[in-house]
Amino acid sequence: MNGVLIIVWLCAAIAVAVFATMIGSIITFRKSRRGYPPTSMSGKATEILWALIPIAIVLVTAIPAVRTIVFAGGGDYR
C-alpha cells in the first residue's frame with residue numbers, strides 16, 4: 001500500500017471518529033436537565049488536547065511528504 005492511500009484511510013478513520021463522537025454528544029446532551037454542561041473534564045485540559053491532536057496528525061503526515069519532496073526530487077532548485 002503506498003503512502004497516499006495510507007493517508008486517505010487515516011483521514012477517513014479520523015472523520016468517522018469525529019462524526020461518531022459529535023453524533024454521540026448530540027444524542028447524549030440534547031435534553032440536558034441542567035442549564036450548564038457537565039464538568040467531568042477540565043475545560044483547559046480539553047482545549048489543550050483538542051489543539052495537540054491535530055498538530056500531531058499534521059506532523060505525522062507532513063514529515064514523510066517533505067522527505068519525499070526533498071530527497072526524491074533529485075533536481076537542482078537554484
Might you point out which heavy atoms bring P54 and A51 nearest each other, and give the distance in Å?
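Where P54 meets A51 most closely, the heavy atoms are CD-O, 3.4 Å.
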
Same cluster for [X] and [Y] if Ile/Leu/Val/Met/Phe/Trp/Tyr side chains link at under 4.5 Å?
X   : Y   : answer
I7  : V60 : no
L10 : I63 : no
L49 : I55 : no
I57 : W50 : no
W9  : V16 : no

CG of L59 to CG of L52: how many Å apart, nearest 0.5 Å?
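Atom-to-atom, L59:CG and L52:CG are 10.5 Å apart.
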
